[in-house]
Structure formats: C-alpha cells, structure tokens
Amino acid sequence: MLTAKTILLAYHGTEGAKRAEALAYEIISREGGRIVHLLIVPEDVWVGMQGDDWLNNASTRDTYGSYVEGVLEKDAAEQVAVVEAHCKQHGLAYTPILRLGDPADCVIAAAREEKVDLVVIGPPRSKKESGLRSRMELDTLGRGLPVPYVVACGE
Amino acid sequence: MIYTKKSPALVIIGIVMMLWGWLNASGTIDGLQSTLQKSAFSDHTKVNEKFQAELRVATEIAQSEGKPAPEMKKPESKFDHAKALQTKFGYLFGGAFVLIGLFILSWKPSAGNLDYYISTVPGMALILLIAFVVRWGLDPMFGNWGKAVKAAGILSWDFAKIFNLNYVVMGILAGIVIVNVFKIPGWAANGVRTARLFLKTGVILLGTLYSAAELAQLGLLSVVMIGVFVLGSVWLTLLMGRRMKCPNSMTGVLSAGLGVCGVSATVAASPVVQAKSGEIAYTIGTILLWGVGCMFIFPTVGHILGMGPVQFGAWAGTGILNSAQVAGAALAFDPHGIETLKVAEIFNITRVLFLPIIVLWLAAWFVKHEESAVKVNLGEVLVAKFPLFVLGFIAMFALSSTGAFAPAGHYAGKYFSSAEVKESNLLKPKEIRALEAELPKMETPAETTALQGLIANRKIMTREDSQALKSAAKIKGLDELAKGAIANAQKAAKHDSKVIKNFRDWLAWLFSFGLIGLGMQITVASIKQAGGKPLIIGSVVGTLKAVGSLVVVLMFVKEFV
Amino acid sequence: MAINDLNAEMSAGGEPKGGPKFDRGHPLSIFVRDRNEDLSALLLAFLIAMSGIIFFG
C-alpha cells in the first residue's frame with residue numbers, strides 16, 4: 001500500500017475534505033509522519049466580497065474589511081483546531097498554512113515549499129451540497145505538482 | 001509597502017492618446033471621423049459651402065472695387081469643434097501620462113504618499129483610455145450600425161437605440177469584459193479604486209443643476225417611494241428568511257442588500273448582523289446578478305413604455321437593487337441629457353440616507369433573535385455611516401442657487417437676462433406691428449403691461465413679463481406671427497450659463513469614468529456565488545420591487561420638471 | 001502552536017504564508033482613509049467648480 005511521510009491535506013471542513021482527512025491518516029507512515037494542512041481562500045471569492053460599495057464612506061469600508069478578515073481568521077482557526085486535534089490523536093506532526101489565491105496554484109506552491117511526498121484532496125462537491133463556488137482545477141494540479149496526488153472519492 | 005509598479009504601460013497609453021490627438025490635428029483621419037460623426041460632418045460641409053460662397057462674393061465685390069481680396073475667418077463647425085476637443089484631450093492627458101510614465105520607469109519609489117499617488121495614475125489612465133475609445137469610437141459606430149441595419153430593412157427597429165448601446169452601457173460592459181477576460185493588470189489596480197472618488201465627485205457636482213422647487217418635489221417623491229419600498233423589502237426579506245429557516249445572519253445581511261442600496265448596504269450591515277463570509281458572497285452575487293440584469297432591461301422597457309425622465313428616474317432609483325447600476329441605467333436611458341440622472345441620483349441619495357436607519361433596525365432585530373449579538377450605539381452608527389458627500393451635494397446646490405455659477409434663479413444653467421439680449425435678436429418692425437394688433441386680446445392687466453413693454457423695448461424686460469407672456473402666448477386665436485414674435489423674444493432673453501454647460505460635460509465624463517471603474521468590480525466569479533435560498537428570496541423581492549415600483553410610477557408619478 | 005503562529009503569519013500581510021488582507025490602501029493616503037475619500041471628493045468637486053468659474057464665468 002501507498003505510504004508517505006509528509007502529506008499535504010487540503011481541508012476546509014466539507015464532507016469531501018473529511019474523507020480526504022480520513023484517507024490521509026490511513027496512508028501516512030506511522031513513524032514521524034507530518035500533515036501539512038492547507039487552507040485556501042479562493043481569490044475570486046475574496047475579490048468578489050469586496051464589491052462596489054461606492055456609496056459608503058471609507059470608514060464603513062474599513063470596518064467591513066476588518067470584520068471580513070476576522071471572520072476568515074476565525075473560520076481558519078476552527079478548521080485548524082479540528083485537524084490539529086486529530087493529528088495529536090494519531091501522533092503526527094502538524095503544520096497549518098493559510099493562502100489566498102487560485103486553489104490549484106496554492107496547492108502546487110505549498111507542496112513545493114513544504115517538500116511533501118503526497119497531496120490528498122477531497123472530490124468536487126456534489127451539486128446538492130451548499131458552499132462557495134470555487135473549484136480545484138485538476139488539470140492544473142496534474143501538470144504542476146511535483147508529487148502524486150490522491151482524490152478521496154467515494155460515497 | 002511599495003504600491004507603484006514598474007511598467008511601461010502608462011507611457012504606452014500616453015503615446016496612444018497623443019497619437020490620436022496628432023492624427024486629429026493633422027487631418028489624417030478626417031475620413032474616419034466623418035463616418036463616425038455623420039451629423040457633425042454634414043453640418044461641417046454646410047458651414048464650409050456657405051463660407052466658400054460668402055468668400056467668393058466678397059472677393060468678387062473687392063475685385064470690382066479694385067481692392068485686395070478680404071481676409072475672412074472660417075467659422076468653426078461642430079465637426080471642427082469635436083476634432084479640436086479630441087486633439088486637446090489627447091495632447092493634454094497623453095502628454096501628462098507620458099511624463100509620469102517616464103518618471104515611474106526611472107524613479108526608485110520609497111514608501112510614502114508620493115508612491116501611493118503615483119501608483120494610482122496608470123489605472124486612471126487605463127480607465128480614461130477606455131472612456132475615450134467608448135465615447136469617441138464605439139458609441140458613434142454602434143449608432144451608425146443601428147441606423148444602417150434599420151435602413152437596409154434587416155430589422156424594423158434600431159437595435160443600437162432599443163438596446164441602449166451608448167457610451168455608458170458600453171463603458172460598463174468594457175469594464176466587465178476587462179476584469180473577467182483579461183483580469184485587471186497589477187499596475188492598474190490602484191487607479192481603478194479611484195472610480196469611487198470620481199463618482200462621488202460627480203454626485204456633488206450634480207448639485208449645481210437643481211432648482212429649489214425641483215429638489216423639494218423630487219426629495220419628497222423619493223422619500224415616499226424609497227420609504228415604502230425599502231421598508232417593504234427589508235420586512236419581506238426578514239419574513240421570508242425566517243419562513244425558509246435561513247440563519248439569522250444570512251437573513252439580516254440579505255435584507256439590507258435587497259432593501260437599501262445593494263452592495264453598499266451589504267458592506268455596511270455585515271458586521272452588525274455578524275454575517276459569515278459565504279453569506280456575504282451569496283448576497284453580493286445575488287445583488288450583482290439582479291443589478292446588472294436590471295441595468296439592461298430597465299432602459300429598454302422605459303423606452304418601450306415611453307417614460308419621461310422623472311418617471312424613469314424614479315422607477316430605476318427605486319426598483320434597481322444596486323445603487324451603482326441605478327446611475328448606469330439612468331445614463332443608459334438618456335445618455336446625452338442629464339435630466340434622468342438628476343432624478344435617479346436624488347433617489348440614490350435618499351437611499352444612502354436611509355442606510356443608517358436600516359442598519360439600526362437590523363441591529364435591533366438581530367439582538368432580539370440572537371443571543372450572541374452585540375448591542376450597537378445609536379449615535380455611533382449615525383456618525384460613522386453618515387455620507388459626507390451628501391453634504392457636499394447640498395452645499396453645491398446652495399452655492400448654485402445663490403448665483404455662484406450662473407445668475408441666481410437659473411434653472412439647470414438657463415437664466416433670464418434682458419441686459420444680455422443681442423442687438424441682432426431684438427424684434428423686427430414687422431413683428432412689433434403684429435404684436436400691436438394683438439394688444440386688445442390680452443386677458444389680464446399683467447399680460448397687457450408685459451406686451452406693451454415688449455413692444456416698447458423690442459425685448460422682454462423682466463422675469464415677471466416673461467411669465468405673463470408665457471400665458472399670453474397660449475391665448476386662443478392669437479396671430480401666428482405674433483406668437484412667433486413672443487417665442488423669439490423669450491428665446492433671446494434666455495441665456496445658457498457657460499459654467500453650468502461645462503459642468504454638464506464634465507459630469508458626463510466623471511460618471512462614465514466612475515461607471516467603467518465600477519464595471520471592473522463586477523466579476524463573474526462573484527455573480528456565480530448567487531444560488532440557493534438567497535437567490536430565491538432575492539428573485540422574489542427583486543421582482544416585486546421592480547414591478548411594484550413600475551406600477552406605482554406609471555399610476556402616480558407625472559412629469560413635472 | 002498553530003493558532004498563534006497562524007495569526008502571526010496572517011497579520012504579517014503580503015508574506016507568502018499570509019492569509020487574505022483587506023486592501024485599505026496606503027495608511028497615509030487621503031483617498032481611502034477614514035472619511036477622507038468623501039473629503040477628497042468634496043475638495044475635487046469644489047476645485048472643478050472653481051475652475052469652471054475662473055475659466056468660463
């Protein structure tokens with residue numbers, strides 16, 4: 001069976017991501033394994049949230065900006081807490097990374113920087129599931145990654 | 001952080017602008033310009049022919065008297081004027097951009113104010129270049145195509161007119177296309193944000209164009225309509241949100257966005273109702289989807305129903321969810337006059353004045369339904385959310401009505417002045433005789449005095465006389481020549497303030513600049529976030545608001561300006 | 001570790017590992033700071049109005 005010492009896990013709490021997490025724990029080597037937890041804020045979503053609120057004065061806009069940053073930080077912190085706790089249970093080292101950008105590009109860059117052996121991601125979300133519309137371009141991922149990647153498909 | 005990005009882009013934009021100016025000045029592109037500006041060119045031909053004929057006659061007379069041929073100055077036609085303007089703009093802005101561009105390439109920026117201001121120039125240049133292309137190129141081109149297609153019998157209607165393919169709509173479309181297809185280049189990002197600044201400047205300057213009576217009437221109408229529809233849609237959204245079991249934060253942010261002024265309200269209300277990032281994205285997506293859709297549908301419907309500026313301005317100002325698209329729709333409906341924009345912006349201003357009220361309402365509502373909510377301070381909200389530029393608008397209106405820009409009592413730059421009537425515009429003896437014959441027909445003493453004054457002075461002397469003669473001209477059985485004479489005298493005494501006329505031109509540039517910049521913030525990715533329950537609620541509320549305000553406008557709002 | 005480090009990374013802003021930062025523009029800029037955008041619009045509008053009077057009045 002496939003095994004890896006350092007795994008990059010793209011995880012943001014969705015059903016697919018939870019499957020990816022479970023799969024990562026199955027694959028990872030028991031001795032000195034490390035999970036690199038990547039959280040991505042898709043750039044187009046982030047830009048879209050800074051819409052054309054031209055009627056407001058800049059102080060309203062600043063308040064909003066700090067608020068949105070705070071919300072995203074809180075979101076990230078919650079996800080980090082979950083995965084970090086699981087890693088502890090499994091006796092694994094843990095590194096969180098938060099990035100802004102195109103999802104596939106972020107995965108590629110993080111995989112190179114952290115020198116991971118394997119990347120594990122969840123499957124595309126089913127249409128019924130709600131959430132932000134932003135997709136991981138598997139084509140880009142396939143061409144750019146220096147290491148194999150695994151998609152945690154399944155029911 | 002250093003904001004200025006080294007890029008030759010600004011120099012290139014500057015050179016392109018200067019080149020355009022030179023091509024116009026040298027006459028190299030007269031052929032192209034004459035097809036683009038058909039009516040100005042036919043005026044040009046007429047002016048030319050008349051001038052040549054006059055010159056010939058004058059030369060012949062001089063020759064017969066043995067004098068040298070006289071020197072005559074060729075009058076400037078509309079075509080010459082348009083070309084001169086494009087030349088001036090091309091040289092002025094192009095030259096400035098080339099200089100600043102060269103400075104950017106040679107300069108080693110250090111963090112500070114200069115760096116920040118310089119970094120905004122390339123983006124402004126990009127927007128201005130787009131504005132030039134759209135205004136001087138695409139707008140007349142589509143106008144010609146629309147007419148040609150109709151003339152050729154391919155369509156029985158002018159598609160450019162019906163779909164409002166004018167410089168405003170195409171400018172916004174250009175912005176949308178650039179951001180979605182090419183992405184905004186890094187060197188332009190900072191300049192694009194100045195779109196907000198210029199839009200606000202435009203609104204403040206718009207204050208010069210209202211009369212007190214007009215502002216009072218429009219203000220009252222907008223408070224009534226915005227009041228009913230804003231409060232109505234906020235209430236409906238809150239109701240639907242709870243029925244459909246949306247989270248409170250989602251319902252709260254959605255109701256602000258759908259109710260008041262779109263994205264601006266979303267941004268103002270999100271922190272108050274503690275909206276989650278996804279909820280904000282959904283709301284903005286829904287609003288942009290509706291806003292952009294309405295911006296294209298409203299003007300077309302307005303033209304089909306034959307609405308006037310007040311009706312359309314009121315409808316767009318109430319029915320369109322996002323305030324940026326309100327200005328867009330008003331200018332799309334009526335791109336060459338400012339009348340519709342004037343009405344619509346009053347509605348926009350009323351909306352932004354309602355914003356703090358709605359934010360307070362939502363805060364109270366959220367506190368009631370959510371334990372984790374933090375109470376907000378009434379005074380703080382009012383002070384923090386108060387739009388300062390509205391004060392500027394009011395100040396500009398006050399300045400204008402006291403006669404800072406045009407004689408006091410002017411209306412949108414037109415004013416009455418007897419002293420400024422030109423000698424050549426005084427009534428002719430034939431007209432005076434016709435008026436004398438009509439004296440007995442006057443119905444009131446005021447009319448009689450006014451007419452006597454007109455006969456004695458050959459021009460209208462006071463504003464009161466002008467008013468009296470207006471009603472006198474409507475008396476039945478008046479001689480046509482006398483009627484014409486009164487109309488001529490009225491026209492001769494009406495003057496157009498040069499200052500205000502220039503303000504109108506600049507306003508059009510400010511708004512087109514601002515709207516192109518706002519177009520650059522409409523991304524498909526953000527619209528794609530629209531979906532699920534928010535989209536359902538948005539569609540219901542958006543449709544009700546658009547249709548409801550249309551019905552109200554058609555039933556109760558009459559043209560009064 | 002995590003959260004504190006993560007926050008530190010995020011507040012560094014613009015660093016490779018940082019999260020999204022709301023772009024407020026240059027802190028000194030009169031364009032986008034606090035009320036200054038409205039103030040600059042006011043200033044600009046009055047400059048335009050004055051130049052209108054000077055050149056065309």
Side-chain angles (χ1 to χ4, degrees), chain A residues 12-15 17 39-79 98-106 124-137 140, chain B residues 179 195-197 199-200 203 260-272 274-278 280-285 287-288 291 322-325 327 348-349 351-352 355 359 384-390 514 517-533:
Chain A
H12 209 288
T14 57
E15 287 308 311
L39 286 146
I40 302 164
V41 177
E43 187 160 22
D44 45 9
V45 173
W46 168 246
V47 170
M49 275 164 68
Q50 302 174 43
D52 53 344
D53 65 320
W54 72 279
L55 278 178
N56 288 329
N57 55 40
S59 81
T60 305
R61 198 176 152 74
D62 272 8
T63 311
Y64 169 76
S66 316
Y67 173 75
V68 177
E69 276 169 2
V71 166
L72 288 173
E73 271 174 45
K74 211 176 112 208
D75 261 12
E78 279 167 13
Q79 308 301 339
L98 178 64
R99 272 180 184 272
L100 172 71
D102 172 73
D105 291 344
C106 288
R125 199 178 43 238
S126 79
K127 295 224 156 145
K128 279 178 209 154
E129 238 180 291
S130 68
L132 291 172
R133 278 170 192 68
S134 185
R135 95 188 15 256
M136 181 79 77
E137 290 294 339
T140 319
Chain B
V179 70
R196 302 157 54 95
L197 175 75
L199 264 187
K200 283 181 177 173
V203 175
V260 203
C261 43
V263 180
S264 302
T266 308
V267 163
S270 315
V272 176
Q274 294 170 18
K276 299 193 179 58
S277 55
I280 299 172
Y282 286 148
T283 306
I284 291 182
I287 287 165
L288 286 183
N322 196 15
S323 55
Q325 276 90 49
N348 252 348
I349 288 173
R351 280 189 193 204
V352 73
L355 185 54
V359 169
K385 301 280 179 280
F386 192 83
L388 215 51
F389 73 98
V390 174
L518 287 192
M520 287 184 177
Q521 298 189 354
I522 300 175
T523 60
V524 174
S526 61
I527 292 182
K528 263 202 323 217
Q529 303 300 334
K533 286 177 191 168

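This structure is a prediction, so every number in the text was calculated from the model and none was measured.
- For B:Asn348, the parts lying under 4.5 angstrom from a heavy atom of chain A are both the backbone and the side chain.
- Inter-residue side-chain proximity for A:Tyr67 and B:Val267 is flagged as unmet; no heavy-atom pair is nearer than 4.5 Å.
- If you measure heavy-atom distances from B:Ile349 to chain A, you find no contacts under 4.5 Å at all.
- Within the 4.5 angstrom heavy-atom criterion, no atom of B:Val524 approaches chain A.
- Smallest separation of non-hydrogen atoms from A:Tyr64 and B:Pro271: CA-CG, 4.2 Å.
- With sequence neighbours excluded, the residues forming a side-chain contact (heavy atoms from CB on, under 4.5 Å) with B:Ala327 are B:Leu341, B:Glu345, B:Phe511, B:Leu515, listed by chain and number.
- The CD atom of A:Glu73 sits 12.5 Å away from atom OG of B:Ser277, with the distance rounded to the nearest 0.5 Å.
- Between A:Val68 and B:Ser270 there is no side-chain heavy-atom pair separated by less than 4.5 Å.
- Between B:Ala275 and A:Val71, the shortest heavy-atom contact is O-CG2, 4.0 Å.
- Applying the side-chain contact (heavy atoms from CB on, under 4.5 Å) test to B:Ser264 and every residue at least two apart in sequence or in another chain returns A:Asp53, A:Leu55, A:Asn56, B:Cys261, B:Ser323.
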Does B:Asn322 form a side chain to side chain contact (heavy atoms under 4.5 Å, CB included) with A:Trp54? I'd like the steps, not just the answer.
CA-CA 10 Å; B:Asn322 196 15; A:Trp54 72 279; over 6 Å; no
